[in-house]
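Just below is one structure, and these are the notes that go with it.
Atom set for the values below is all heavy atoms of this structure, side chains included, hydrogens, waters and symmetry mates excluded. Keep in mind the model is a prediction, meaning the values are calculated, not measured. Each residue takes its place number in the sequence, starting with 1.
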Amino acid sequence: MALILNIDTATTTGSVSLSRDGQAIQTLVNEKQQDHAATMILFVQQILKEQGILPEALDAIAVSAGPGSYTGLRVGVATAKGLCYAWHKPLLAISTLQMMAQGLVAAIKDEQAWYCPMLDARRQEVFMGLYDAGLQEIMPPQAMILEPSSLDSPLAEKKIYFFGDGSPKWELMLSSHKNAIFAEYVISAAHMAPLSAQAFDKKMFVDLAYFSPFYLKPFYSPQKP
């Protein structure tokens with residue numbers, strides 16, 4: 001019966017969710033990315049207080065490890081690491097894309113389809129992965145520059161649900177295809193709960209000193225003239 005604090009700040013929507021044995025108990029959400037750094041600790045304090053749980057009762061802390069926003073991921077990982085150091089808890093790192101797939105699989109329950117979470121990576125690029133209903137990778141997480149034929153091969157094989165804040169640009173580019181379905185989805189740390197519970201059971205802890213977010217591509221900052 002693992003009690004885990006789940007933290008996600010990979011996108012513009014950030015959230016904290018407390019879960020027990022893979023089930024979310026309570027989740028708090030912040031929709032302003034610039035406020036993630038200020039709100040995550042407050043959310044943690046609020047959830048623990050409202051649930052009557054002391055930090056020592058937690059078994060682990062899980063964080064959405066990327067890909068996603070560079071700044072957002074740093075905020076989430078720094079918050080999770082700080083709590084782990086302070087409370088002497090192990091850290092679990094959960095793929096943001098797999099977390100998203102978990103959320104939509106649970107909502108749609110279409111076991112015959114594939115699931116393709118897409119995060120906006122600016123211009124015509126997205127961070128994406130492709131998963132079956134059991135969350136096994138069909139295509140590993142990658143940064144993809146979208147073209148009309150980018151996913152012709154998997155679309156020829158299976159019905160695919162596309163979702164996430166990067167999917168609208170793909171919907172605009174993709175000509176009508178019988179196997180392409182665009183689904184509404186709101187990212188949430190609550191979707192991390194089954195994955196963090198599984199990772200805890202397998203003792204898939206990461207090194208607090210050396211763990212860093214999974215950015216997928218190097219950070220780029222234009223040089224000032």
Side-chain angles (χ1 to χ4, degrees), residues 3-20 23-100 102-103 117-122 127 164-166 185-193 195-196 199-200 205-222 224:
L3 188 63
I4 299 175
L5 193 67
N6 304 279
I7 300 171
D8 169 50
T9 56
T11 67
T12 55
T13 299
S15 54
V16 175
S17 184
L18 182 68
S19 63
R20 179 181 283 112
Q23 299 293 322
I25 300 171
Q26 182 180 355
T27 304
L28 296 177
V29 179
N30 169 59
E31 296 182 345
K32 295 182 179 180
Q33 188 171 27
Q34 65 269 27
D35 294 339
H36 286 351
T39 56
M40 290 301 105
I41 290 295
L42 296 178
F43 283 174
V44 170
Q45 294 173 336
Q46 181 179 340
I47 286 178
L48 294 183
K49 181 178 180 180
E50 292 180 1
Q51 293 299 322
I53 292 173
L54 296 175
E56 50 262 36
L58 294 172
D59 291 298
I61 294 170
V63 67
S64 175
S69 157
Y70 291 101
T71 301
L73 289 172
R74 287 196 294 270
V75 167
V77 169
T79 300
K81 279 188 171 186
L83 294 175
C84 286
Y85 276 119
W87 295 341
H88 306 288
K89 302 298 178 182
L91 179 63
L92 300 163
I94 307 299
S95 162
T96 304
L97 294 174
Q98 190 178 41
M99 177 191 78
M100 293 170 64
Q102 164 65 43
M118 287 183 165
L119 292 173
D120 189 2
R122 301 183 181 178
F127 299 130
D165 63 14
Y185 173 78
V186 178
I187 194 168
S188 172
H191 302 157
M192 203 186 311
L195 299 174
S196 60
F200 180 82
F205 308 125
V206 297
D207 190 299
L208 279 181
Y210 296 103
F211 174 73
S212 61
F214 180 42
Y215 294 119
L216 256 185
K217 54 185 286 188
F219 177 72
Y220 171 75
S221 178
K224 294 181 180 180

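Scanning both residues, Asp8 and Met40, for their nearest heavy atoms gives O-SD, 4.5 Å. A pairwise comparison of heavy atoms in Ile25 and Arg20 identifies CD1-NH1, 3.3 Å as the closest pair. Between Ser196 and Leu92, the shortest heavy-atom contact is O-CD1, 3.5 Å. Closest of all the heavy-atom pairs between Leu73 and Pro213 is CB-CB, 3.8 Å. Nearest approach of Met99 to Ser188, heavy atoms of both residues: SD-O, 3.9 Å. Scanning all heavy atoms of the two residues, the minimum distance from Ala193 to Ala24 falls at CB-N, 4.1 Å.
Using a 4.5 Å heavy-atom threshold, the side chains of Pro55 and Leu48 count as touching. At least one side-chain heavy atom of Met100 sits under 4.5 Å from a side-chain heavy atom of Ile187. Using a 4.5 Å heavy-atom threshold, the side chains of Trp87 and Glu56 count as separate. The closest side-chain heavy-atom distance from Tyr185 to Met118 is not below 4.5 Å. With a 4.5 Å cut-off on side-chain heavy atoms, Ile4 and Ile61 do not count as touching. Residues Asn6 and Leu195 are not in side-chain contact: their nearest non-hydrogen atoms beyond the backbone lie 4.5 Å or more apart.
Under the rule for a side-chain hydrogen bond (donor to acceptor under 3.5 Å, both in side chains), the partners of Glu50 that lie at least two apart in sequence or sit in another chain are Gln26, Gln46. In this view, Phe200 and Phe205 satisfy the ring pair (Phe, Tyr, Trp, His ring centres under 6.0 Å) rule, not counting sequence neighbours. With sequence neighbours excluded, no residue satisfies side-chain hydrogen bond (donor to acceptor under 3.5 Å, both in side chains) with Thr79. With sequence neighbours excluded, no residue satisfies side-chain hydrogen bond (donor to acceptor under 3.5 Å, both in side chains) with Thr39. Residues passing the side chain to side chain contact (heavy atoms under 4.5 Å, CB included) test with Ala209 are Tyr85, Asp207, sequence neighbours excluded. Legend: residues meeting side chain to side chain contact (heavy atoms under 4.5 Å, CB included) with Val29, ordered by chain and number and at least two apart, are Thr13, Ser15, Thr27, Glu31. Remark: Asp120 engages Lys169 in a side-chain hydrogen bond (donor to acceptor under 3.5 Å, both in side chains) (not counting sequence neighbours). Among residues two or more places apart in sequence or in another chain, the side chain to side chain contact (heavy atoms under 4.5 Å, CB included) test is passed with Phe211 by Val63, Ala65, Val77, Lys81, Leu91, Ala93, Val206. Applying the side chain to side chain contact (heavy atoms under 4.5 Å, CB included) rule to Ala121 yields the partners Glu125, Phe127; only residues at least two apart in sequence or on another chain are considered.
In terms of modelled atom types and a separation under 3.5 Å, the side chain of Asp35 and the main chain of Ala37 share no donor-acceptor contact. In this structure a side-chain-to-backbone donor-acceptor pair under 3.5 Å is present from Thr9 to Gly76. Of the possible polar contacts, none joining the Asn30 side chain to the Gly14 backbone as a donor-acceptor pair under 3.5 Å is found.
To the nearest 0.5 angstrom, His191 atom NE2 is 14.5 Å from Ile94 atom CD1. Taking CG of Leu5 as the reference point, atom CG of Leu18 lies at 6.0 Å (rounded to 0.5 Å). To the nearest 0.5 Å, atom OG of residue Ser19 and atom CE of residue Met192 are 9.0 Å apart.
Applying the side chain to side chain donor-acceptor pair (under 3.5 Å) rule to pairs touching residues 88-100 yields Ser64-Thr96, sequence neighbours excluded.
In summary, the aromatic rings of Phe43 and His36 are positioned with their centroids too far apart to meet the 6.0 Å limit.
Looking at Gln33 and Ser69, their side chains do bring a donor and an acceptor atom within 3.5 Å of each other.
Gln23 CD: 12 or fewer foreign heavy atoms inside a 6.0 Å radius.
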